[in-house]
Amino acid sequence: MAKALEGVRILDMTHVQSGPTCTQLLAWFGADVIKVERPGVGDATRGQLQDIPNVDSLYFTMLNHNKRSVTLNTKHARGKEIFAKLIKHCDVMVENFAPGAIDRMGFPWEKIQEINPRMIYASVKGFGPGPFEDCKVYENVAQCTGGSASTTGELDGFPMVTGAQIGDSGTGINLALGVVTALFHREKSGLGQRVTCAMQDGVLNLCRVKLRDQQRLAHGPLKEYPQFPNGEFGQATPRAGNASGGGQPGWIVKCKGWETDPDAYIYVITQAVAFPELAKVIGREDWLVDPEWSTPEARLPKLDKVFEEIEKWTKTKTKFEVMDILNPLNVPCGPIISMMELSEDPSLRATGTIVEVDHPERGKYLTVGNPIKLSDSPSDVHRSPLLGEHTDEILAEIGLNDDEIAAAKDEKVV
Ligand code: CAO
């Protein structure tokens, strides 16, 4: 079976997490991703958070599967000549350097278009045009400036960042969609175009429901928030602990073993249609005939009591027992599954969502595979490249002969 993006060549100028997430996705779908790295240095993450001395870190290996690596100093005169050949050779260029870095290398968009009018040029930056456009940005800066931190955390606590890399990986996914959309458009227009994704925009897009709530605040309290009816609402969407972001109340409750296991919890959603079954299973059938409890409206001001009662029952069962009992009753619930449990989950291994990869220097390690499954286009996970592993073969592919490759090496351009 052919891979979906076979034949598409990506000039990968990405580093750290956001850009590499994008190009890794494209590589999984079969694109030929040529990662350009600074000679002797490479992507900074190769050396960050190393668990084994002098071996590419898991940070790097888990974001750069299925790619080839070429080293190239794009600031050197000969390096610029080689870089121009790469631009000509490829369909898409992806970068997430600090604002202006590619221009400073001497390759503004106009020049890239001149070299290759079919080139799609995709960039991640921290911010779009505006007061912060020149700022360098990492994950948590994006979470803080995109509305996530302000709306995450305990009701009376400080703003909180989440463990999910919504700024970096989230924006990388947006960029990948931008790239394939531009490729699709190029089929008709014959021309490339620019694709830009700002991390602040990406985070805000994922916080859409919180902007919804900001506007609802003008029309009265947010009745599904734990602040209702006794707490105070300020002028902005508040933090809501673990309350559900949707129209169905939910909360995290303790399960058997919570005293010693930090993940012995489950999220339970008390959606109205399944509430009678839920009430019965926790032993509160009386709620169903009591007007104080029988309707969603009556329960809304006392959701804390509802979840207290649910918790009395869940504390007598393990989180997976609760899942087994509540799911057949159509009560949506989600055990808090730890990274340790996820890494051992056989069904995630079977679907390729968790993959074991072999690396020549570090041996076997686990990674997260492609979360997007296509029925007729396989996407296997292959190890990340060593720094400059494919330099010679890539330079030959773009037309350099042996003498030219040797000269580039002598000058330390590659
Ligand atoms: N040859 C020669 N020079 C190279 C090169 C190569 N192959 N690859 C990179 N460089 C140079 C760049 O041109 C840049 O030089 P100038 O400063 O002279 O223009 C320099 O290396 C460093 O690039 P940088 O400024 O992007 O790197 P940084 O470590 O200071 O900043 C980051 C990192 C991520 C904060 C910044 O790149 C950024 O804000 N990127 C956009 C937002 C983003 O993607 N953030 C997500 C990061 S994941 O958490």
Side-chain angles (χ1 to χ4, degrees), residues 143 146-164 166 170 203-234 236-255 258 263-282 284 287-288 293-315 317 319-320 322-323 325-338:
Q143 289 196 25
S148 178
S150 157
T151 53
T152 304
E154 299 290 345
L155 276 56
D156 50 1
F158 44 74
M160 189 76 90
V161 295
T162 107
I166 58 178
V203 170
L204 180 55
N205 179 52
L206 296 175
C207 293
R208 182 171 296 265
V209 300
K210 300 299 179 182
L211 183 58
R212 172 200 69 193
D213 294 346
Q214 178 65 41
Q215 295 168 88
R216 289 172 60 222
L217 256 184
H219 303 280
L222 304 171
K223 291 185 179 167
E224 78 283 15
Y225 276 55
Q227 285 85 344
F228 179 77
N230 303 317
E232 292 276 307
F233 284 90
T237 308
R239 296 185 268 287
N242 284 315
S244 161
Q248 306 290 350
W251 199 252
I252 289 182
V253 287
K254 291 169 180 158
C255 294
W258 66 273
D263 294 308
Y265 292 82
I266 192 163
Y267 201 100
V268 177
I269 298 178
T270 62
Q271 66 168 343
V273 65
F275 193 79
E277 293 298 325
L278 179 62
K280 277 186 221 157
V281 85
I282 67 166
R284 294 304 310 255
W287 279 350
L288 304 176
W293 297 94
S294 59
T295 64
E297 295 72 30
R299 290 192 293 273
L300 210 45
K302 29 191 189 286
L303 285 176
D304 51 344
K305 298 283 178 307
V306 171
F307 287 107
E308 259 176 50
E309 289 297 304
I310 293 172
E311 190 172 69
K312 282 183 193 162
W313 176 77
T314 56
K315 275 161 85 175
K317 310 262 178 288
K319 60 190 177 186
F320 292 113
V322 175
M323 178 91 170
I325 296 169
L326 293 189
N327 263 298
L329 306 178
N330 289 325
V331 176
C333 55
I336 307 305
I337 304 185
S338 70

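- Partners of Lys315 by side-chain hydrogen bond (donor to acceptor under 3.5 Å, both in side chains), not counting sequence neighbours: none found.
- Remark: the backbone N or O of Arg239 is not paired with any side-chain donor or acceptor of Tyr225 at under 3.5 angstrom.
- How far CG of Leu222 is from CZ of Phe228: 10.0 Å, rounded to the nearest 0.5 Å.
- Pairs engaging residues 205-218 under the salt bridge (Lys or Arg N to Asp or Glu O under 4.0 Å) rule: Asp213-Arg216, Arg216-Glu224 [sequence neighbours left out].
- The backbone N or O of Lys254 lies less than 3.5 Å from a partner atom in the side chain of Glu311, making a donor-acceptor pair.
- Formation of a donor-acceptor pair under 3.5 Å by the Gln143 side chain with backbone atoms of Ala164 is found in this model.
- For the pair Trp313/Ile325, a side-chain contact is recorded, criterion being any heavy-atom separation below 4.5 Å from C-beta on.
- Atom NZ of Lys302 has more than 12 heavy atoms from other residues, nucleotides or ligands within 6.0 Å.
- Remark: Glu277 pairs with Lys280 by the salt bridge (charged side-chain N to carboxylate O under 4.0 Å, His left out) rule, at least two apart or across chains.
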Item to complete: Could you check Ile310 against Leu278 for side chain to side chain contact (heavy atoms under 4.5 Å, CB included), going step by step and ending with a plain yes or no?
Response: CA-CA 8 Å; Ile310 293 172; Leu278 179 62; 3.8 Å; yes
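- The NZ atom of Lys223 lies 12.5 Å from the CG atom of Leu303; values are rounded to the nearest 0.5 Å.
- Residues Cys207 and Gly146 share a closest heavy-atom pair of SG-O, 4.1 Å.
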Under 3.5 Å, side-chain donor or acceptor atoms of residues 244-253 against the rest of the protein: list the pairs with distances, not counting sequence neighbours.
residue, atom, partner, partner atom, Å
Ser244, OG, Gly246, N, 3.0
Ser244, OG, Gln248, O, 3.0
Gln248, OE1, Ala272, N, 3.4

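- Not one N or O on the side chain of Thr152 forms a donor-acceptor pair closer than 3.5 Å with the backbone of Ala149.
- The side-chain contact (heavy atoms from CB on, under 4.5 Å) test applied to Ile337 returns Phe320, Pro335, Glu341, Leu342, not counting sequence neighbours.
- For Ala236, the side-chain contact (heavy atoms from CB on, under 4.5 Å) criterion is met by Gln214, not counting sequence neighbours.
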